[in-house]
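What you see is a predicted model; the values in this text were computed from it and never measured.
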Amino acid sequence: MGFFKKNAANMITMIRIPCAFGIIFTTPFTPLFYVFLTLGGLSDAIDGMVARKISGDSPLGATLDSISDLCFFGSTVFSVIIKEYSSIGIEAKLMFSLVLVVRIASYLIQLIKFKKLAPLHTILNKLASISIFILLFVIPFIGITKATCIASFIGFLGGIEEIIIHFLSKKARANTLSLYTVLKENKN
């Protein structure tokens, strides 16, 4: 297998990192912002499919995916929140802050319990990423406060699920689909 075919999924994954920088340096909700957002979102949507199709699943790929997701979605959310801060209602700011606390707690639990970062690719976490992506396109229509509240609520649920999974798990588990999966495995 050639180098490019073998590493196709990782190269697609890494597209999100320059898109993250592009988003940081553009004005939210402009055409260029949406170009970077769309390219990064497509990268996130197809990298896993490409990896499975060419048997390219690997620990390196999973790590690159987590890093790229963190860079892309983190820069997107923070860029919009910081640049549009005065437009966001207090309830959305509080919900967003709560999500940050929950996510930081999850990362700290991982570091303390497993001695490494092991972000989970749960269905709720994927749903949170998808909701952020979609809501960024509808902010001009529903407003940034409502969009932030919706995305924060889903992100909060995903973070709480992640914390519970970490507490119930004996080892780091990046590819767990849900809390239900862990409970089912622990029952057996």
Side-chain angles (χ1 to χ4, degrees), residues 12-48 62-112 117-166 174 178:
I12 292 168
T13 297
M14 296 203 41
I15 289 170
R16 289 197 292 286
I17 294 174
C19 287
F21 284 105
I23 285 169
I24 288 171
F25 294 110
T26 59
T27 302
F29 319 122
T30 61
L32 190 55
F33 171 86
Y34 284 116
V35 167
F36 288 123
L37 183 66
T38 301
L39 288 174
L42 288 173
S43 158
D44 192 33
I46 65 172
D47 61 352
T63 300
L64 285 174
D65 188 57
S66 293
I67 291 168
S68 294
D69 282 349
L70 185 63
C71 289
F72 180 66
F73 287 104
S75 68
T76 301
V77 170
F78 280 105
S79 179
V80 171
I81 296 287
I82 289 168
K83 292 175 183 174
E84 299 294 323
Y85 191 78
S86 63
S87 304
I88 301 170
I90 188 70
E91 64 275 18
K93 290 174 184 174
L94 291 172
M95 286 184 73
F96 181 74
S97 298
L98 185 60
V99 172
L100 286 179
V101 169
V102 167
R103 292 298 177 166
I104 290 169
S106 178
Y107 286 130
L108 288 174
I109 291 165
Q110 292 171 35
L111 283 171
I112 292 166
L117 286 178
L120 300 180
H121 297 126
T122 63
I123 293 168
L124 266 177
N125 282 342
K126 285 292 181 187
L127 184 59
S129 296
I130 291 167
S131 73
I132 291 168
F133 182 76
I134 292 170
L135 288 166
L136 284 164
F137 282 94
V138 298
I139 282 174
F141 307 103
I142 68 169
I144 195 165
T145 297
K146 189 179 284 185
T148 302
C149 286
I150 294 167
S152 294
F153 180 72
I154 298 168
F156 174 77
L157 292 177
I160 293 296
E161 179 186 47
E162 205 171 281
I163 287 171
I164 295 168
I165 290 170
H166 292 320
S178 68

Are [X] and [Y] side-chain neighbours, meaning at least one heavy-atom pair lies under 4.5 Å?
X	Y	answer
H166	L120	yes
D47	R16	yes
L124	I160	no
K83	T27	no
F73	D44	yes
F137	T38	yes

Measure the spacing between [atom1] of [X] and [atom2] of [Y] and express it to the nearest 0.5 Å.
X	Y	atom1	atom2	value
S43	I12	OG	CD1	7.0 Å
F156	L98	CZ	CG	4.5 Å
I154	N125	CD1	CG	11.5 Å
L100	I81	CG	CD1	8.5 Å
I130	L135	CD1	CG	11.5 Å
H121	D65	NE2	CG	4.5 Å

Is K93 positioned over the aromatic face of Y85, cation under 6.0 angstrom from the ring centre and no more than 45 degrees off axis?
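So K93 does make the cation-pi contact.
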Minimum heavy-atom distance between [X] and [Y], given as atom pair plus value:
X	Y	answer
I88	A92	CG2-CB, 3.5 Å
S87	T145	O-OG1, 3.7 Å
F33	L136	CZ-CD2, 4.2 Å
I139	A147	CG1-CB, 3.5 Å
C19	L39	SG-CB, 3.7 Å
E91	C149	CG-SG, 3.8 Å

Would you check if the side chain of S106 reaches a backbone N or O of R103 as a donor-acceptor pair within less than 3.5 Å?
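Side chain of S106 to backbone of R103, a donor-acceptor pair under 3.5 Å: no, none is there.
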Taking the side chain from S75 and the backbone from F72, do they hold a donor-acceptor pair closer than 3.5 Å?
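Yes, S75 side chain to F72 backbone: donor-acceptor pair under 3.5 Å.
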List the steps and the verdict of side chain to side chain contact (heavy atoms under 4.5 Å, CB included) for M14 and L64.
CA-CA 7 Å; M14 296 203 41; L64 285 174; 3.9 Å; yes
Hey, can you tell me if F29 and Y34 have their rings parallel, tilted or perpendicular (30° and 60° cut-offs)?
tilted
More than 12 heavy atoms of other residues, nucleotides or ligands under 6.0 Å from NZ of K126: yes or no?
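Count over threshold, so yes.
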